[in-house]
Amino acid sequence: MNFAHPDWLFALLAVPALILLAISARSRARTYAVRFPALASLREAAAAAPRWQRLVPEALLLAAVTVALAAAAGPQHSRTVTVGGRAAVMLVTDHSGSMESTDVAPTRLGAAVSAATTFVDKLPSSADVGIVSFSTVPDTVLPPTTNHSEVVQVLDDEEAEGSTATGNALAVALQLLTSLPGHPPSAIVLYSDGAANAGTSSVAVAQQAARDHIPIDTVALGTPNGTLTVQEFPFGVENVPVPPDPQLMQAIAKASHGESFDAKSEGDLNRIYTHLGKGFAVHHSQTPLASEFGAGAALLLFGAALLAGRRTPRLP
């Protein structure tokens, strides 16, 4: 629960002040009772109520004031709701050889797996999540499921090798989402260094995704100075440049009406995936509770008045 107008909560400081004022007033009344003994005779003449009957109305009155001030602060219940009651997302993960580059610690692939796991954790439990893992071809395909641990297991099993057939992997992910019954709100999240060098045109698949109303959010991994250590016989070890292609990733996102992100470090990746996980297919609903609080304050006030009236002595 949160408050639309939290400044009103400072007024609650008046409640302990009222309690101290009541205690002080009762103390002065006892002093006067000693000074003017006739008051004791008057108290005995009236049917004196038990102590709890005198304190309960005061406590209810203070509770009514507290709840009324809380109502003025605009209490509201916040909850995260899956759009349409259901959503589906496909992760498309690149584990080609260039993903072994260490320009993003510990490697591009290692950082991406860690961040993608964070992304899955941020999704609503009701969301269907699938994964297409690819290098030269899409080699691991898991259709959308609510068993998110299966997706995490696929991520953990990835190893960097092969070339990059991004378009083929996107086409598989798109086909899986469009074949879901009921056509729930869907999206694709692609993470790759973007340097596609095999297979179908990625942008052509992205254009089809736009026609199917399925955006592709892309995360471009790596830095321009990224290299890959390759063993070249008989010449020994060679550092081969493997710069990312953020322009291609941006083109994929733009063609599908998705968003594009650049990740230069593991920290960037974690922030990106946390953002995606919070925002995907959910909205935050605020339900006002001021009327309920107001009704509660009115009931407390009515109870205080009722009990106070019952214990007030009546003249014959």
*Asks:* Does a side chain donor of either S98 or D193 reach within less than 3.5 Å of an acceptor in the other side chain?
*Replies:* yes

*Asks:* Using every non-hydrogen atom in the two residues, find where Q250 and T218 come nearest and quote the distance to one decimal.
*Replies:* N-OG1, 4.4 Å

*Asks:* Not counting sequence neighbours, which residues clear side chain to side chain donor-acceptor pair (under 3.5 Å) with S256? List them please.
*Replies:* none

*Asks:* Using modelled atom types and a 3.5 Å cut-off, is there a donor and acceptor pairing between side-chain atoms of D94 and backbone atoms of S96?
*Replies:* yes

*Asks:* How long is the gap from OG1 on T117 to CG on D156, to the nearest 0.5 Å?
*Replies:* 6.0 Å

*Asks:* Quick check: does any side chain N or O of N168 sit under 3.5 Å from a backbone N or O of V137, one acting as donor and the other as acceptor?
*Replies:* no

*Asks:* Using side-chain heavy atoms (C-beta onward) and a distance below 4.5 Å, is V92 in contact with T166?
*Replies:* no

*Asks:* Is S186 reaching over with its side chain to a backbone N or O of P184, donor-acceptor style, under 3.5 angstrom?
*Replies:* yes

*Asks:* Counting distance only, does the side-chain N/O of S114 pair as donor-acceptor with the main-chain N or O of G110 below 3.5 Å?
*Replies:* no

*Asks:* Taking all non-hydrogen atoms of both residues, which atom of H148 and which atom of T145 are closest, and how far apart?
*Replies:* CD2-O, 3.7 Å

*Asks:* With T140, which residues qualify under side-chain contact (heavy atoms from CB on, under 4.5 Å), at least two apart?
*Replies:* S133, V154

*Asks:* Identify the heavy atoms of A160 and M99 that sit nearest to each other, and give their distance.
*Replies:* CB-C, 4.2 Å

*Asks:* I need the L155 CG to Y191 OH distance, nearest 0.5 Å.
*Replies:* 4.5 Å

*Asks:* Apply side chain to side chain donor-acceptor pair (under 3.5 Å) to S149 and list each qualifying residue two or more places apart in sequence or on a separate chain.
*Replies:* N147

*Asks:* Whether the side chain of T136 engages the backbone of S163 through a donor-acceptor N/O pair (distance < 3.5 Å, no angle test) should be reported.
*Replies:* yes

*Asks:* Side chains of V172 and F134: closer than 4.5 Å at any heavy-atom pair?
*Replies:* no

*Asks:* Any heavy-atom pair between the side chains of P144 and M90 that's under 4.5 Å?
*Replies:* yes

*Asks:* Determine the minimum heavy-atom distance between P138 and V132, stating which atoms define it.
*Replies:* CB-CG1, 3.8 Å

*Asks:* Drop me the distance from Q175's CD to D212's CG, to the nearest 0.5 angstrom.
*Replies:* 10.5 Å

*Asks:* Between T102 and T107, is any side-chain donor less than 3.5 angstrom from a side-chain acceptor?
*Replies:* no

*Asks:* Run the side chain to side chain contact (heavy atoms under 4.5 Å, CB included) check on V65 and L300 step by step: do they pass?
*Replies:* CA-CA 9 Å; V65 171; L300 289 169; over 6 Å; no

*Asks:* Taking atom CD of E159 as the centre, report whether more than 12 heavy atoms of other residues, nucleotides or ligands fall under 6.0 Å from it.
*Replies:* no

*Asks:* Closest approach of A88 and L177, non-hydrogen atoms and distance?
*Replies:* CB-CD2, 3.9 Å

*Asks:* Can you tell me if CD on E100 sees more than 12 non-hydrogen neighbours from other groups inside 6.0 Å?
*Replies:* no

*Asks:* Same cluster or not: are L289 and L9 linked, directly or through other Ile, Leu, Val, Met, Phe, Trp or Tyr residues, by side-chain heavy atoms under 4.5 angstrom apart?
*Replies:* yes

*Asks:* Go through the structure and list residues passing side chain to side chain donor-acceptor pair (under 3.5 Å) with T227, not counting sequence neighbours.
*Replies:* none

*Asks:* Do you know the tightest heavy-atom contact between L176 and S179?
*Replies:* O-OG, 2.9 Å

*Asks:* Would you check if I188 and D217 make a side-chain contact, meaning some heavy-atom pair closer than 4.5 Å?
*Replies:* no

*Asks:* Show, in sequence, the C-alpha distance, side-chain angles and deciding distance for K254 and S260, and conclude whether the side chain to side chain contact (heavy atoms under 4.5 Å, CB included) test is met.
*Replies:* CA-CA 8 Å; K254 183 177 180 180; S260 180; over 6 Å; no

*Asks:* My understanding is that only residues two or more places apart in sequence, or in another chain, count here; which of them pass side-chain contact (heavy atoms from CB on, under 4.5 Å) with T146?
*Replies:* D128

*Asks:* Would you say that L174 contacts I214 through its side chain, given a criterion of any heavy-atom pair below 4.5 Å between the two side chains?
*Replies:* yes

*Asks:* With the side chain counted from C-beta on, respond yes when N225 and D103 share a heavy-atom pair under 4.5 Å apart, and no when they do not.
*Replies:* no

*Asks:* Verify, without hydrogens or angle tests, whether H257 (side chain) and A209 (backbone) share a donor-acceptor contact under 3.5 angstrom.
*Replies:* no

*Asks:* Hey, what else clusters with L301 if you join Ile, Leu, Val, Met, Phe, Trp, Tyr whenever side-chain heavy atoms sit under 4.5 Å?
*Replies:* L61

*Asks:* What residue among E158, H95, E161 forms side chain to side chain contact (heavy atoms under 4.5 Å, CB included) with D139?
*Replies:* H95

